[in-house]
Asks: 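Structure incoming, see below.
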Amino acid sequence: MPTAHELTTHQGALSVRDFEGRELLMYSPVEARYFHELLISIFRSAHVTPVYSQYLSQVQGILALVCRGANDNPALHALLKCLPERMP
């Protein structure tokens, strides 16, 4: 997550509610239907409505855009910290 992002000052763990109205990259409803439906159901059950800025079908594509700063998706930035420095 960029150091200037407002969620970096958030105390404690982020919740699904923290994504309300936030711009996010999202899995494609066609090519990545399973992951799309999984995330949609999580947001719906929490009554959260993010703004989907772009749809992608591959995890690698989403990670590449986040790495390039195309989106400040906190969940994906947190995921990046868990990845090895070099991916095959």
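If you read the sequence from its start, that first residue is 1, and numbering goes on from there.
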Asks: Hey, mind stepping through L39 and Y27 against side chain to side chain contact (heavy atoms under 4.5 Å, CB included) and telling me if it holds?
Replies: CA-CA 9 Å; L39 290 173; Y27 287 104; 3.7 Å; yes
Asks: Do I40 and M26 make a side-chain contact, defined as non-hydrogen atoms from C-beta onward lying under 4.5 Å apart?
Replies: yes
Asks: Out of curiosity, Y55 OH to L25 CG, how far, rounded to the nearest 0.5 Å?
Replies: 11.0 Å
Asks: For A46 versus V16, what's the shortest heavy-atom pair and its separation?
Replies: CB-CG1, 3.6 Å
Asks: Please name the pair of heavy atoms, one in D18 and one in A13, separated by the smallest distance, quoted to 0.1 Å.
Replies: OD2-O, 4.4 Å
Asks: Distance from L56 atom CG to F35 atom CZ, nearest 0.5 Å?
Replies: 14.0 Å
Asks: With side chain to side chain donor-acceptor pair (under 3.5 Å) as the rule and sequence neighbours excluded, what pairs involving residues 28-45 come up?
Replies: S28-E31
Asks: Check the pair L24 / F43 against side chain to side chain contact (heavy atoms under 4.5 Å, CB included), numbers first and verdict last.
Replies: CA-CA 12 Å; L24 301 175; F43 290 131; 3.8 Å; yes
Asks: Apply side-chain contact (heavy atoms from CB on, under 4.5 Å) to E20 and list each qualifying residue two or more places apart in sequence or on a separate chain.
Replies: R17, V48, T49
